[in-house]
Amino acid sequence: MSTKPKVAFICVHNSCRSQIAEALGRLLAADTFESYSAGTETKPAINPDAVRLVKARYGVDMAATQRSKLLSELPPVDVVITMGCNVQCPMLPCTRREDWGLPDPTGQDDGAFNAVIDEIERRVCLLREEMRPAD
């Protein structure tokens, strides 16, 4: 059984930014924390542009390994990261909460998506460093 902290990336539809954060958390920070994502609503599929760009950049196929999930499907988590959905997220018990305030690139060009992906990567790596246990 894992003793690593659990991080939940939350957005309304759990179809784009939170899914990217979950994928990058699993790829870049699995040594430090477990990554999950969820939303207050779901979509039938993850945003196809997010799937395409994350697969091209990192070799991670989110469509094969992830799905849109509701908050009720999360295990108990230690950290809650909201993506900046400009809605009031339900309170999830946690020891740390922050809002990343990221713009939603849905419907925009690849440049907008890549800018958001770059920022999520930067923040996931920073979170990993902040949460890494002291030696």
Side-chain angles (χ1 to χ4, degrees):
M1 186 164 181
S2 176
T3 59
K4 288 185 277 188
K6 294 175 175 58
V7 176
F9 300 99
I10 308 298
C11 204
V12 173
H13 295 118
N14 188 223
S15 64
C16 189
R17 293 165 290 174
S18 55
Q19 291 285 350
I20 294 167
E22 177 183 358
L24 295 185
R26 288 180 177 190
L27 179 68
L28 304 171
D31 62 330
T32 305
F33 58 80
E34 294 179 22
S35 296
Y36 300 88
S37 69
T40 54
E41 303 171 25
T42 60
K43 290 282 189 180
I46 299 171
N47 182 297
D49 292 318
V51 170
R52 175 177 55 83
L53 291 168
V54 167
K55 187 172 185 179
R57 289 178 62 162
Y58 304 98
V60 174
D61 185 355
M62 295 190 301
T65 60
Q66 295 172 211
R67 64 181 177 79
S68 187
K69 302 166 293 299
L70 292 171
L71 294 173
S72 61
E73 296 179 65
L74 288 173
V77 297
D78 303 289
V79 178
V80 171
I81 307 287
T82 53
M83 297 287 109
C85 310
N86 296 320
V87 297
Q88 184 60 39
C89 288
M91 287 300 293
L92 290 173
C94 60
T95 57
R96 175 177 176 172
R97 175 182 300 272
E98 59 187 76
D99 180 66
W100 284 0
L102 300 171
D104 184 357
T106 299
Q108 299 183 50
D109 64 15
D110 285 1
F113 268 89
N114 281 317
V116 169
I117 292 169
D118 287 344
E119 184 62 13
I120 291 171
E121 178 181 344
R122 186 186 75 77
R123 288 175 183 246
V124 164
C125 290
L126 181 62
L127 185 63
R128 178 190 66 212
E129 293 308 311
E130 290 172 357
M131 292 181 65
R132 191 166 272 160
D135 291 333

Participant: For Glu98 and Ile81, indicate whether the former's side chain and the latter's backbone hold a donor-acceptor pair under 3.5 Å.
Facilitator: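 Checking the backbone N and O of Ile81 against the side chain of Glu98, no donor-acceptor pair under 3.5 Å is found.
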Participant: Under 3.5 Å, side chain of Lys4 to main-chain N/O of Ala30, donor-acceptor pair present?
Facilitator: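 Looks like yes, one N/O pair under 3.5 Å.
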Participant: Drop me the distance from Glu22's CD to Ile46's CD1, to the nearest 0.5 angstrom.
Facilitator: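 So the gap between those two atoms works out to 7.5 Å.
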Participant: Does Arg132 form a side-chain contact (heavy atoms from CB on, under 4.5 Å) with Asp31? I'd like the steps, not just the answer.
Facilitator: CA-CA 9 Å; Arg132 191 166 272 160; Asp31 62 330; 2.9 Å; yes
Participant: Any donor-acceptor pair under 3.5 Å linking the side chain of Arg97 with the backbone of Leu92?
Facilitator: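 Checking the backbone N and O of Leu92 against the side chain of Arg97, a donor-acceptor pair under 3.5 Å is found.
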Participant: Let me see the working for Ile10 and Leu74 under side-chain contact (heavy atoms from CB on, under 4.5 Å), right down to the final yes or no.
Facilitator: CA-CA 10 Å; Ile10 308 298; Leu74 288 173; 3.8 Å; yes
Participant: I want to check something: taking the side chain as every heavy atom from C-beta on, are Val77 and Val7 in contact at a cut-off of under 4.5 Å?
Facilitator: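 Val77 does not reach Val7 side chain to side chain.
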Participant: Would a distance-only check, ignoring hydrogens and angles, find a side-chain to backbone donor-acceptor pair under 3.5 Å from Asp78 to Thr95?
Facilitator: no
Participant: Shared ILVMFWY cluster between Met83 and Ile117, side chains joined below 4.5 angstrom?
Facilitator: yes
Participant: Heavy-atom count around Lys69 NZ within 6.0 Å, excluding the residue itself: above 12?
Facilitator: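 Counting other residues, nucleotides and ligands, NZ of Lys69 exceeds 12 neighbours.
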Participant: Consider only side-chain heavy atoms of I, L, V, M, F, W and Y, link residues closer than 4.5 Å, and tell whether Val54 and Trp100 are in one cluster.
Facilitator: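 Yes, Val54 and Trp100 fall within the same hydrophobic cluster.
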Participant: Any chance you could lay out the side-chain contact (heavy atoms from CB on, under 4.5 Å) test for Thr106 and His13, step after step, and finish with the verdict?
Facilitator: CA-CA 11 Å; Thr106 299; His13 295 118; over 6 Å; no
Participant: Measure across Val124 and Ala21 and return the closest heavy-atom pair with its distance rounded to 0.1 Å.
Facilitator: CG2-O, 4.2 Å
Participant: For the CD1 atom of Ile120 and the CG atom of Leu28, what is their distance to the nearest 0.5 Å?
Facilitator: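 The CG atom of Leu28 is 11.5 Å from CD1 of Ile120, to the nearest 0.5 Å.
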Participant: Take Asn14 and Ser37 through the side-chain hydrogen bond (donor to acceptor under 3.5 Å, both in side chains) test and state the conclusion after the steps.
Facilitator: CA-CA 7 Å; Asn14 188 223; Ser37 69; 2.9 Å; yes
Participant: Report the C-alpha distance between Val60 and Arg26 in whole Å, list the side-chain angles of each, state the deciding distance to 0.1 Å, and finish with yes or no for side-chain contact (heavy atoms from CB on, under 4.5 Å).
Facilitator: CA-CA 10 Å; Val60 174; Arg26 288 180 177 190; over 6 Å; no
Participant: What heavy-atom pair brings Asp99 and Gly84 nearest, and what distance separates the two atoms?
Facilitator: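 Here Asp99 and Gly84 meet closest at OD1-N, 3.0 Å.
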Participant: Quick one: do Asp110 and Arg52 make a salt bridge, cutoff under 4.0 Å?
Facilitator: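 So Asp110 pairs with Arg52 through a salt bridge.
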Participant: Is any side-chain heavy atom of Met62 closer than 4.5 Å to one of Ile20?
Facilitator: yes
Participant: Taking all heavy atoms of Ser18 and all of Phe9, pick out the closest pair and write down the distance.
Facilitator: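 Residues Ser18 and Phe9, closest heavy atoms: CB-O, 3.4 Å.
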Participant: Work out which heavy atom in Phe113 is nearest to a heavy atom in Cys16; give both atom names and the distance.
Facilitator: CE2-SG, 3.6 Å
Participant: Can you tell me if Gln19 uses its side chain to pair, donor with acceptor, with the backbone of Gln66 under 3.5 Å?
Facilitator: no
Participant: Starting at SG of Cys11, measure out to CD of Glu41 and round the result to the nearest 0.5 Å.
Facilitator: 10.5 Å
Participant: Atom CD in Glu130, atom CG in Leu126: separation rounded to 0.5 Å?
Facilitator: 4.0 Å
Participant: Does any N or O in the side chain of Glu119 come within less than 3.5 Å of the main-chain N or O of Val116, such that one atom is a donor and the other an acceptor?
Facilitator: no
Participant: Return the CZ to CG distance between Arg57 and Asn114, rounded to the nearest 0.5 Å.
Facilitator: 4.5 Å
Participant: How long is the span from the CG atom in Leu127 to the CG atom in Leu24, to the nearest 0.5 Å?
Facilitator: 12.0 Å
Participant: Does Leu102 share a hydrophobic cluster with Tyr36, counting links as ILVMFWY side-chain heavy atoms below 4.5 Å and allowing steps through other members?
Facilitator: no
Participant: Is it true that a side-chain atom of Ser15 and a backbone atom of Ser68 form a donor plus acceptor pair closer than 3.5 Å?
Facilitator: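 Looks like no, no N/O pair under 3.5 Å.
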